[in-house]
Amino acid sequence: MLVISCIKQVPDTTQVKIDPVTNTLVREGIPFIVNPYDTHALEEGLALKDRYGLRSVALSMGPPNTVATLKKACALGVDEAILLSDRAFGGADTLATSQVLAAAIERLAEKDEVGIVFCGKQTIDGDTAQVGPGIATRLGFTQLTLVDRIEWLDLNKKRIRVRRKLEGRHEIVEAPLPVVITAVRELNRPRYPTVPMRLTAELTEVTVWDNQVLKLDVETVGLKGSATWVSKIFSPERDQGEIIGDGIGDPVGTAHLLLEKMLSKDLLAI
C-alpha cells in the first residue's frame with residue numbers, strides 16, 4: 001500500500017520579489033524551501049512507512065529545479081520521488097494544480113493501492129488550503145483536514161482514526177481508506193537527514209512525469225485550466241501611526257484615550 005506525501009517548493013518568504021508588470025514571482029536569485037506544512041506531511045508519511053511497512057512516495061509539481069526539493073525528500077527516506085513538470089502545467093491555480101496531482105495519484109494507483117495521501121494544510125505562498133481538499137474531491141477520497149494526530153491505522157480493516165485541530169476544540173474522526181489528510185504543525189516533529197543520507201540522495205534519480213505521461217487535456221491544466229488568476233499584487237497603504245497618552249505613567253488615562261479614539265473611528269460596537 002502506498003502513502004503519498006505531496007510537497008511544494010515555495011520561495012523563502014523573507015526574500016520574495018514580484019514582477020510589478022506581470023504580477024508573477026521573480027524566480028531568479030530567490031532561494032526556495034520546502035513548504036513548512038508539507039514537511040509535516042512528509043514526516044508523517046515516513047513515520048507510517050517505518051511503522052507499517054508502507055511504500056512512501058513524494059510527489060511535487062513545479063519547474064525542473066523542483067528536483068532539489070524532491071532530493072531532500074529522498075534524503076529523508078522516501079522510496080520514490082516524482083516531479084510533475086511540463087510547460088503546460090505552468091501558471092496553475094489550486095484548481096488546476098489539484099487536477100495534475102490527482103491524475104498522478106491515479107497513475108500510481110494503477111500499480112499499487114493508494115491508502116493515504118498527505119498534504120500540508122496550506123502553503124505559505126498561497127495560503128488557500130484548497131489543494132488537499134481538491135485532490136480528495138477529484139479522487140473521491142475522504143478528506144481529513146487539519147489533522148494533528150493519527151490515533152490509529154488498521155490496515156486489515158482499511159480504516160484510520162485521526163484527531164482534527166479545530167478552533168478551540170479537537171474532533172476525533174474515523175474513516176475508511178483511502179483518505180487525503182492535511183497536516184498541521186502539531187502533527188509531528190520533522191526529522192533531519194544525516195550527511196550520509198544527503199550524499200545517498202544525490203545519487204537517487206527523481207522520476208519526471210510530463211503531460212505526455214499524464215495525458216491530461218491541456219485546457220484543464222496550467223493557466224488555461226485555472227479559474228482564478230492574479231490581476232495585481234501590491235502592499236496596502238496604511239495611515240501614519242500615533243502615540244496616544246502615557247501608557248506607562250498613566251495607563252488608565254491612556255486606556256480611556258484609546259477607547260475614545262476607537263469609538264470615534266467606529267471600530268467598536270457599544
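A heavy-atom distance below 4.5 Å is not found between the side chains of Tyr52 and Met1. A 4.5 Å side-chain heavy-atom check between Ile150 and Ile181 finds at least one atom pair inside the cut-off. Taking 4.5 Å as the limit, some side-chain heavy atom of Leu59 sits within range of a side-chain heavy atom of Ile105. In this structure, the side chains of Glu43 and Arg191 come closer than 4.5 Å at one or more pairs of heavy atoms. Side-chain contact between Pro31 and Ile33 is absent, with no heavy atoms from C-beta onward closer than 4.5 Å. Using a 4.5 Å heavy-atom threshold, the side chains of Met197 and Tyr192 count as separate. By the 4.5 Å heavy-atom criterion applied to side chains, Asn65 and Gln9 are counted as neighbours. Between Phe141 and Ile135 the shortest side-chain heavy-atom distance does not fall below 4.5 Å.
The distance from atom CG of Leu155 to atom CG of Leu177, rounded to the nearest 0.5 Å, is 7.0 Å. Going from atom CE of Met61 over to atom CG of Leu101 covers 6.5 Å, rounded to the nearest 0.5 Å. The CZ atom of Arg198 sits 8.5 Å away from the OG1 atom of Thr194 when rounded to the nearest 0.5 Å. Atoms CG and CD, from Leu70 and Glu80 in turn, are 10.5 Å apart once rounded to the nearest 0.5 Å.
Under the side chain to side chain donor-acceptor pair (under 3.5 Å) test applied with Glu186, the options His40, Lys165, Arg163 reduce to a single match, Lys165. For the side-chain contact (heavy atoms from CB on, under 4.5 Å) with Leu42, the qualifying choice from Val78, Asn35, Asn188 is Val78, the only one to do so. Evaluated for a side-chain contact (heavy atoms from CB on, under 4.5 Å) with Cys6, the options Val131, Thr182, Val117, Asp38 yield exactly one hit, Val117.
When all heavy atoms are compared, the tightest approach of Arg159 to Trp152 is O-CZ3, 3.7 Å. Here the closest heavy-atom approach between residue Thr39 and residue Pro190 is recorded as OG1-CG, 3.7 Å. The two residues Pro176 and Thr142 make their nearest non-hydrogen contact at O-OG1, 4.1 Å.
One N or O on the side chain of Asp93 and one on the backbone of Thr228 form a donor-acceptor pair closer than 3.5 Å. Without hydrogens or angle criteria, Lys215 side chain to Gln212 main chain gives a donor-acceptor distance under 3.5 Å.
Linking Ile, Leu, Val, Met, Phe, Trp and Tyr whenever their side-chain heavy atoms come within less than 4.5 Å puts Val162 and Ile116 in one cluster.
With sequence neighbours excluded, no residue forms a salt bridge (charged side-chain N to carboxylate O under 4.0 Å, His left out) with Arg138. For Lys49, the side-chain hydrogen bond (donor to acceptor under 3.5 Å, both in side chains) partners are Asp79, not counting sequence neighbours. Here Arg149 pairs with Glu151 under the salt bridge (charged side-chain N to carboxylate O under 4.0 Å, His left out) rule; sequence neighbours left out.
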